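Notes for the one structure printed next.
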Amino acid sequence: MTRETRFGALAADARWQQAWEAANSFATTDSGDKPKAYILEMFPYPSGRIHMGHVRNYAMGDVLARFKRMTGHDVLHPMGWDAFGMPAENAAMEKGVHPGGWTRDNIASMRGQLKRLGLAIDWSRELATCEPDYYGQEQALFLDLFAHGLVTRKHSYVNWDPVDMTVLANEQVIDGRGWRSGALVEKKKLSQWFLKITDFAEELLEGLESLDKWPDKVRLMQENWIGKSQGLEFSFRLAGGAVGFDVFTTRPDTLYGASFAAISPDHPLAEKLAKDSPELAAFIELCRRQGTAAEQLDTAEKMGFDTGISVEHPLDANWHLPVWVVNYVLMDYGTGAIFGCPAHDQRDLDFAHKYELPVHRVIADGDETAQHFTGTEAWTGPGKLVNSHFLDGMTIDEAKAAVIARAEHEGWGKGTTVWRLRDWGVSRQRYWGTPIPFIHCPACGMVPVPRAQLPVVLPEDADFSVPGNPLDRHPTWKHVACPSCGGEAVRETDTLDTFVDSSWYFLRFASAPSDKPFDPEVIRRWLPVDQYIGGIEHAILHLLYARFWTRALNKLGMIDIREPFASLFTQGMVTHETYSRAQGEGQPPLFFTPDEIARTADGATLEADGAPVDVGRVIKMSKSKKNVVDPDAILDQYGADAARWFMLSDSPPERDLPWSEAGIEGAWRFVQRLWRLFGDTGNVGDGGEDKALARKLHQAIAGVAADIESLGFNKAVAKIHALANEIEKATPSATRAEACRTLILLVAPMMPHLAEEAWAALPDGQRTTAMIADAAWPAADPALLVDDEVTIAIQMAGKLRDTMTIAKGLDKDSTEAAALARPRIVELLAGATPKKVIVVPDRLVNIVP
RNA sequence: GCGGACGUGGCGAAAUCGGUAGACGCAGCAGACUUAAAAUCUGCCGGCCCAGUGUCAUGCGGGUUCAAGUCCCGCCGUCCGCACCA
């Protein structure tokens, strides 16, 4: 092959992508004689076009996958589509296209875009969650979980959008309104399907400790989300002795500080009392209408309604506490009822002040022995018990234990654990999702669809012209015979939350038989995922659900592992500055896309009129701010390798990456620079060796490998730059030619097309494999990893005064002597004897005069 | 309000164990080559001054240490998560 002076990226991209496909280069080998590496990036939602965030995500995973192949691993690196979800259905409503057609078209175009990146993916394992061969197996797993009691139906309050006629997830409610329709969201009690994730609360929490290769941030977020609280649950009796209600508290030590009891507006007792009290009914209605948005909570006034009834204090039956219905008590945490202790809880204090309820101090504030409470700030710090009879003088922890012990002994309460985590409601009143495989029979009740009848396939002919669930109003689909009695029955028309689809796809990638969800033997070989890479936005929901499914399937005996992802990496976003012009009073600014803009040294102008625009902050690329750069346009102009290289350069991968035109051009220039350097593999000069360059080369081999292994791609990039600089400066030698050849291998994981092109252009006999895709990572010679000389610092009183180059490993005494003999040091000491000399071999000498 | 992360040149950053702060890149400046441009190459590139291996400098103020970007205490700022969670 004759060598071009410029690297033709577009032709090379296409050529090598075809070559890899023809050779089936990235098919996963199940041979099992090499160590396995399962590298997975979170699979994309097929929105239609890939964005720069995808490019960054898949570039990182691809470097790791290619590197693992080069270092002798069997690599599983698959790709698929999280293909169910509301956007497809919205498109159907807005544009009259079928969700299936819309989704499959999007998949086809995004697959094409991803392939242009040159990813080392085993495309034979591609899957889409919207296809029956996937969701049918998901239905089978759902029935397995049901058979083991992990699926329930229960009534619960949901966010109901009255316009779209569907349940909304909490995240889809923005300031009390449906995110799509803008309608005021109602609380509605509906019968819903739930997965019993709370059964696993304790082990999901404990399991976090074993995930030492997960970011601390994610583990902490999950820990807070699971929200374990330990305390006392006890029963209040109504004054007079009738059965009252249960409350939960984490502060049983403050029981003698109680001044009222409070129940949630949604508490059954409140609802019962409201039947006879229109005032209370109106109050409850008022509370339900109040928003729960974050800003409103800050300012929301504490409100209460005195029911007129009272309860007996559990430690003193003659002490009666009034029962209030209170807007700040939540029905879905604890028991939906509390006892109020104003002195030691800020909310209770605010409430007590407003309604002039008593405030009893029971924890002394520090050294203070004040028996009474004043002020507007509740004391929640440590202290000794006061005003508390048998508890007086105890610490908070001692008092907690004493009260719990007494409650258990006397039988009115017990120590318990309460979780913030709720069971996972998976019912969605949508068409474009996995049908829940159940049949409602008037005679037999809820009947699972028999295995032989799976998959329950979505009907193609659905009507999207009106809001609501198309499955529910489909003329025929839901009408079936009961599998149990044969009588007339109807299918469940709810579909599964799409987070279910993404809770087990990593298993299906490893093993996808047609007759079952997966083969346990094959799962044993590949799982857990060795490196999972994706966005921080999935820190809680997806990652928690996937952990739950893995543990649930483990409990069912279907898989051995308890945790799906051994190592997790959360990458930063791709950002770009914004360009805008103010529009006038009360108008939002007008934004411009980067390709409408000419960037100048100190500002930017609109190309259309040459006038300046405002350059805004560097923020996440988003359509509304128009600060997006289309990957296709970049690939057309610079090719895949420059795009990949830029994505890996400069910013640490966990941090945001500011996209810039100058940056991608810099990457492009470096691609060309490497191409020129790769042409020097035959230029051996006089054939001699260059020991210094050999050291730098081998240090780079080891350093780049370590950086890729630890996902420090920006550092690997810097080391490759530094090595390229050294090679360029060196005079031709056998070592230099060898370094040029080795450099091809070092950049191969990051710039695979350039590497293949350069590999193919090598003189005959210099290639170890036909394609570099099959080549091995070069071995670093340990002898060359250390320098034989080091330049060390000489400090006086901690300030740098001189440096000297000495033999590496020189002993302390000789180092000290050499330092003290330096003319500059002699001059500075001026004959004085140093008080102290600290020598750190190979590092520095610090002289204390 | 609670929890967490992060603050280093004009910009993205590096400094892996408490040991020469600013590697590497971007932008910029000066120069070479060229009829010119592109491309390429060379040099400079934190502040200050008396221009020195001078001095100050890693958000601010303290502390520990022979030595602090790194450890400790207290502030300030930015970002993220959760949020009336009993």
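Worth saying up front: this structure is predicted, and the values here are computed from it rather than measured. Below, chain A is the first sequence line, B the second, and so on; all start at residue 1.
Nearer the 5' end of RNA chain B, as judged by each residue's closest nucleotide, is the contact made by A:Lys799, out of A:Lys799 and A:Trp419. Projected onto RNA chain B by closest heavy-atom contact, A:Tyr328 and A:Glu728 fall at different nucleotides, the more 5' of which corresponds to A:Glu728.
Among B:A14, B:G19, B:A86, the nucleotide with an atom closest to any side-chain atom of A:Val840 is B:G19. Out of B:U16, B:G25, B:G54, the shortest distance to the side chain of A:Lys719 is found at B:U16. Distances from the side chain of A:Asn327 to the nucleotides B:A13, B:C84, B:G54 place B:C84 closest. Of the listed nucleotides (B:U20, B:U53, B:A86), B:U20 has the atom at the smallest distance from the side chain of A:Thr803. Of the candidates B:G19, B:A86, B:C85, the closest approach to any side-chain atom of A:Val329 belongs to B:A86. When distances run from any side-chain atom of A:Asn846 to the nucleotides B:A67, B:A86, B:U20, the shortest one goes to B:A67. Closest approach to the A:Ala722 side chain among B:A14, B:G19, B:C24 is made by B:C24 (side chain taken as heavy atoms from C-beta onward). Among B:U16, B:G12, B:G81, the nucleotide with an atom closest to any side-chain atom of A:Asp650 is B:G12. Proximity note for A:Arg347 (side chain, C-beta onward) versus B:G4, B:G12, B:A86: the nearest is B:A86. With B:G81, B:U55, B:U20 as the candidates, the nucleotide lying closest to the side chain of A:Thr791 is B:U20.
Exactly one residue among A:Val790, A:Thr791, A:Thr815 makes a side chain to side chain contact (heavy atoms under 4.5 Å, CB included) with A:Met804. That residue is A:Thr815. For the ring pair (Phe, Tyr, Trp, His ring centres under 6.0 Å) with A:His313, the lone residue among A:Tyr256, A:Trp412, A:Phe260 that qualifies is A:Tyr256.
Look at CZ on A:Phe670: it is 13 Å from P on B:U40, rounded to the nearest Å. Atom NZ of A:Lys812 and atom C1' of B:G19 are 13 Å apart (whole Å). Remark: P of B:C41 and CD of A:Gln672 are 12 Å apart, rounded to the nearest angstrom. A:Asn224 places its CG atom 13 Å from the P atom of B:C85, with the value rounded to the nearest Å. Regarding A:Gln795, its CD atom lies at a distance of 13 Å from the P atom of B:C66, rounded to whole Å. Spacing between atom NZ of A:Lys228 and atom P of B:A86 amounts to 14 Å, rounded to whole angstrom units. The CD1 atom of A:Ile536 sits 14 Å away from the C1' atom of B:C6 (whole-angstrom rounding). One can place CH2 of A:Trp668 at 12 Å from P of B:A39, the figure rounded to the nearest angstrom.
Relative orientation of the A:Trp645 and A:Phe670 rings is parallel, given thresholds of 30° and 60° on the angle between their planes. Using the six-membered ring where Trp is involved, A:Tyr545 and A:Trp424 have ring planes that are parallel, under 30° apart on the 30 and 60° scheme. Using cut-offs of 30° and 60° for the angle between ring planes, the A:Tyr333 and A:Phe248 rings count as perpendicular. The aromatic rings of A:Phe351 and A:Tyr328 stand perpendicular to each other, their planes meeting at an angle above 60°, with 30° marking the opposite boundary.
As judged by a 4.0 angstrom heavy-atom cut-off over every strand, A:Asp332 is placed among residues making no nucleic acid contact. A:Leu220 comes within 4.0 angstrom of the backbone, heavy atoms only, and of no base. Here A:Asn725 lies in heavy-atom contact (under 4.0 Å) with sugar-phosphate atoms only. Contact annotation for A:Asp345: no contact, since no heavy-atom pair falls under 4.0 Å across all strands. Among the protein residues, A:Arg420 comes within range of the nucleic acid bases, having at least one heavy atom under 4.0 Å from a base atom. Residue contacts shown for A:Val247 are absent, as no nucleic acid heavy atom lies under 4.0 Å away. A:Arg801 comes within contact range of at least one nucleobase, with a heavy-atom separation under 4.0 Å. A:Arg655 comes within 4.0 angstrom of the backbone, heavy atoms only, and of no base.
For B:C66, the base has no donor-acceptor partner in the side chain of A:Lys835 [N/O atoms by modelled type, under 3.5 angstrom].
Annotation: B:U58 and B:C24 have their P atoms spaced 22 Å apart (nearest Å). The P atoms of B:A86 and B:G12 are separated by 40 Å, rounded to the nearest whole Å. If you take atom C1' in B:C84 and the same atom in B:C79, they sit 25 Å apart, rounded to whole Å. Look at the C1' atom in both B:G61 and B:G22: the space between them is 25 Å, to the nearest Å. Between B:G43 and B:A57, the distance separating the two C1' atoms is 26 Å to the nearest Å. Using atom C1' as the reference point in both B:U65 and B:G19, the two lie 12 Å apart (nearest Å).
More than 12 heavy atoms of other residues, nucleotides or ligands lie within 6.0 Å of CZ in A:Arg422, so this atom counts as buried by the packing criterion. For A:Lys812, the NZ atom is loosely surrounded, since the number of other residues' heavy atoms within 6.0 Å does not exceed 12.
Taking a pair as Watson-Crick or G-U with both hydrogen-bonding distances under 3.5 Å, the stems of three or more pairs touching RNA chain B are B:1-7 with B:76-82, B:10-12 with B:24-26, B:28-32 with B:40-44, B:46-48 with B:54-56, B:59-63 with B:71-75.
Considering NE2 of A:His576 and CG of A:Leu657, their distance stands at 10.5 Å, rounded to 0.5 Å.
Glycosidic conformation at B:G77 (O4'-C1'-N9-C4 for purines, O4'-C1'-N1-C2 for pyrimidines): anti, more than 90° from 0. Glycosidic conformation of B:C60: anti, with the torsion beyond 90° of 0.
A:Arg644 is not listed as a side-chain neighbour of A:Met751, based on a closest heavy-atom distance of 4.5 Å or more.
The phosphate of B:A14 has neither OP1 nor OP2 within less than 4.0 Å of any side-chain N or O from A:Lys715.
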